[in-house]
Amino acid sequence: MSRRHAAMSFILITVLLDMLGIGVIIPVLPKLVTSLHGGDLSSGSAVFGWFVASYALLQFLFSPIIGNLSDAYGRRPIILVSLLGAGLDYALLAWAPTLEWLFIGRVIAGITGANITAANAYIADVSPPEQRARNFGLIGACFGVGFILGPALGGLVAGYGLRAPFVVAAGLTLLNTLYGFFVLPESLAKEQRRPFDWKGANPLSSLQALRKYPVVLGLTFTLLLDRIAHDVLPSTWVLYTTYRFQWTELDNGMALATIGVMFAVVQGGLTGKAVAKLGERLALLIGLTINATAFVLYGLATSGWMLYPIMVFMSFAGIAGPSLQSLVTRRVPADEQGALQGALTGVQSMAAVVGPLLATQLFGYFTSDAAPMKVPGAAFLAGAVIVVAAALVAVRASREEKTPSAAPAAEAA
């Protein structure tokens, strides 16, 4: 195997293990947090929300910093140090004696999880132009596979204890670090490096770019609302199913893996055909409608088996995201797409902070004795309301805005 192929394999394995490590702990982290908090699921859910939000916030803050560090010192050392930190962090999480230590571990995990920025830069360095799209597609595939396998593996390993998935994640990540130390060459020549840029490392600078694109602000607000609602699912799923249906870690791991498989099937095989037949605007609105309906069904489900047909139904909402992305990108010139994508990533990162906090607070309150009535699915019902709001914004934004290419065509006519 050539060094280039070995390097590509390593980067793909790294991304796969990043998602695998995240997925492995999803079925057990809520229960571990609540057990260290005192064992009460309702009060512990609010604390768990901060765990989820802190990870997303640190990843948002440190992604541009790690990207700039890799521009200044090379990709190899940044990737390997991040991996080593992630592996040691999983070990810390496996033996964290208190909630405070567990929180420190999640903060470190958010920082080291930002290594996807350096991994993407590595792919750009080593990929010939004609293979770049293909290689980035492989990165996306590794994300999907990791999220499918991770929860299933975590659910299985959790049979040996709540800490066992962290031990597995630590072992896999540290082995990959050792493998990378021997096979990963540097991809960025010294003459191509540049000094660390504090301005470029500002995570809010990408969000400021949205001021240049007032034509897409309505659709961007749709994206923000949709992503806030989306984060209800991963942040409260285990809390909800444990409280309402007494599901085990294995039950949740298999269910989350099923969700991953269904979304992969829809986005990989059906989205293109659906958008081609329906058009971007209609596909977006149908996807959002399915999403809102599924959230209501999740929130009102009375038996655990009902969640599986709802999963299948909700997977068809996967046509909304690509349709929205396409509508947004068609309204921005080709030479500004990079800045736009950076801004949209920033919007989604901020949603990943707000969504879990909102969802876990709602779950905690409406399952506590302080609530006027017990509504375990309150977070899902709130998610449905948010998606409806997103759809209403999308209706207006997509109807009133014209693409830059459409206007000249009308004038020419």
Side-chain angles (χ1 to χ4, degrees), residues 13 15-37 39 41 44-45 48-49 51-52 55 86-87 89-91 93-96 102 105-106 109 113 142-173 175-176 230-265 294 298 301 303-312 314-315 356 359-360 363 376-377 379-380:
I13 290 171
V15 173
L16 174 63
L17 290 181
D18 275 351
M19 289 307 299
L20 194 68
I22 293 171
V24 159
I25 65 175
I26 287 177
V28 299
L29 186 59
K31 187 174 288 189
L32 180 59
V33 170
T34 54
S35 66
L36 289 175
H37 184 64
L41 204 62
S45 64
F48 175 67
F51 271 72
V52 178
Y55 179 91
D89 177 60
Y90 281 128
L93 291 168
W95 285 283
L102 199 68
R106 289 307 289 166
C142 288
F143 264 97
V145 171
F147 188 76
I148 291 169
L149 296 180
L153 177 61
L156 289 168
V157 174
Y160 298 94
L162 287 179
R163 309 277 185 150
F166 296 95
V167 177
V168 171
L172 291 173
T173 305
L175 283 174
N176 193 42
H230 171 270
D231 283 304
V232 168
L233 190 66
S235 58
T236 60
W237 178 272
V238 175
L239 296 168
Y240 176 68
T241 57
T242 301
Y243 179 92
R244 192 166 177 81
F245 307 120
Q246 294 75 53
W247 276 16
T248 65
E249 291 79 17
L250 180 58
D251 293 328
N252 280 309
M254 294 305 170
L256 291 168
T258 301
I259 292 174
V261 170
M262 291 306 304
F263 269 96
V265 169
Y298 276 137
S303 182
W305 68 264
M306 295 179 180
L307 301 186
Y308 276 90
I310 301 172
M311 291 177 207
V312 176
M314 190 178 192
S315 67
T360 52
F363 174 84
F380 291 105

Between Ile148 and Gly260, the two heavy atoms sitting closest are CG1-C, 3.6 Å

Notebook entry, point to check: Does the side chain of Phe245 come within less than 4.5 Å of Met306's, by heavy atoms?
Noted result: no

- Verify, without hydrogens or angle tests, whether Asp251 (side chain) and Thr248 (backbone) share a donor-acceptor contact under 3.5 angstrom. yes

On a heavy-atom basis, the closest approach of Gly304 and Trp247 is O-CZ2, 3.4 Å

Shortest non-hydrogen pair, Thr173 vs Gly87, comes out as CG2-N, 3.6 Å

_Flag side-chain contact, heavy atom, 4.5 Å: Leu41 against Phe363_ = yes

Could you tell me whether the side chain of Arg244 and the main chain of Ala301 form a donor-acceptor pair under 3.5 Å?
yes

Residues 252-262 vs side-chain hydrogen bond (donor to acceptor under 3.5 Å, both in side chains), sequence neighbours excluded, gives Trp237-Asn252, Thr241-Asn252

Nearest heavy-atom contact between Pro376 and Tyr243 is CG-CE2, 3.6 Å

When the side chains of residues 22-34 are checked against the rest of the protein, which donor-acceptor pairs come out under 3.5 Å, sequence neighbours left out?
residue : atom : partner : partner atom : Å
Lys31   : NZ   : Glu249  : OE2          : 2.9
Thr34   : OG1  : Pro30   : O            : 3.0
Thr34   : OG1  : Lys31   : O            : 3.0

Output for pair (Leu102 CG, Phe51 CZ), nearest 0.5 Å, gives 4.5 Å

Nearest heavy-atom approach of Phe48 to Ser235 is CE2-O, 3.1 Å

Closest non-hydrogen contact found for Trp95 with Ala91 is CE3-O, 2.9 Å

Which atom pairs, one a donor and one an acceptor, fall under 3.5 Å between side chains of residues 150-164 and the rest of the protein, sequence neighbours left out?
residue : atom : partner : partner atom : Å
Arg163  : NH1  : Leu93   : O            : 3.2
Arg163  : NH1  : Ala94   : O            : 3.4
Arg163  : NH1  : Ala96   : O            : 2.8
Arg163  : NH2  : Ala96   : O            : 2.9

- Donor-acceptor pair, Tyr240 side chain versus Ala379 backbone, under 3.5 Å? no

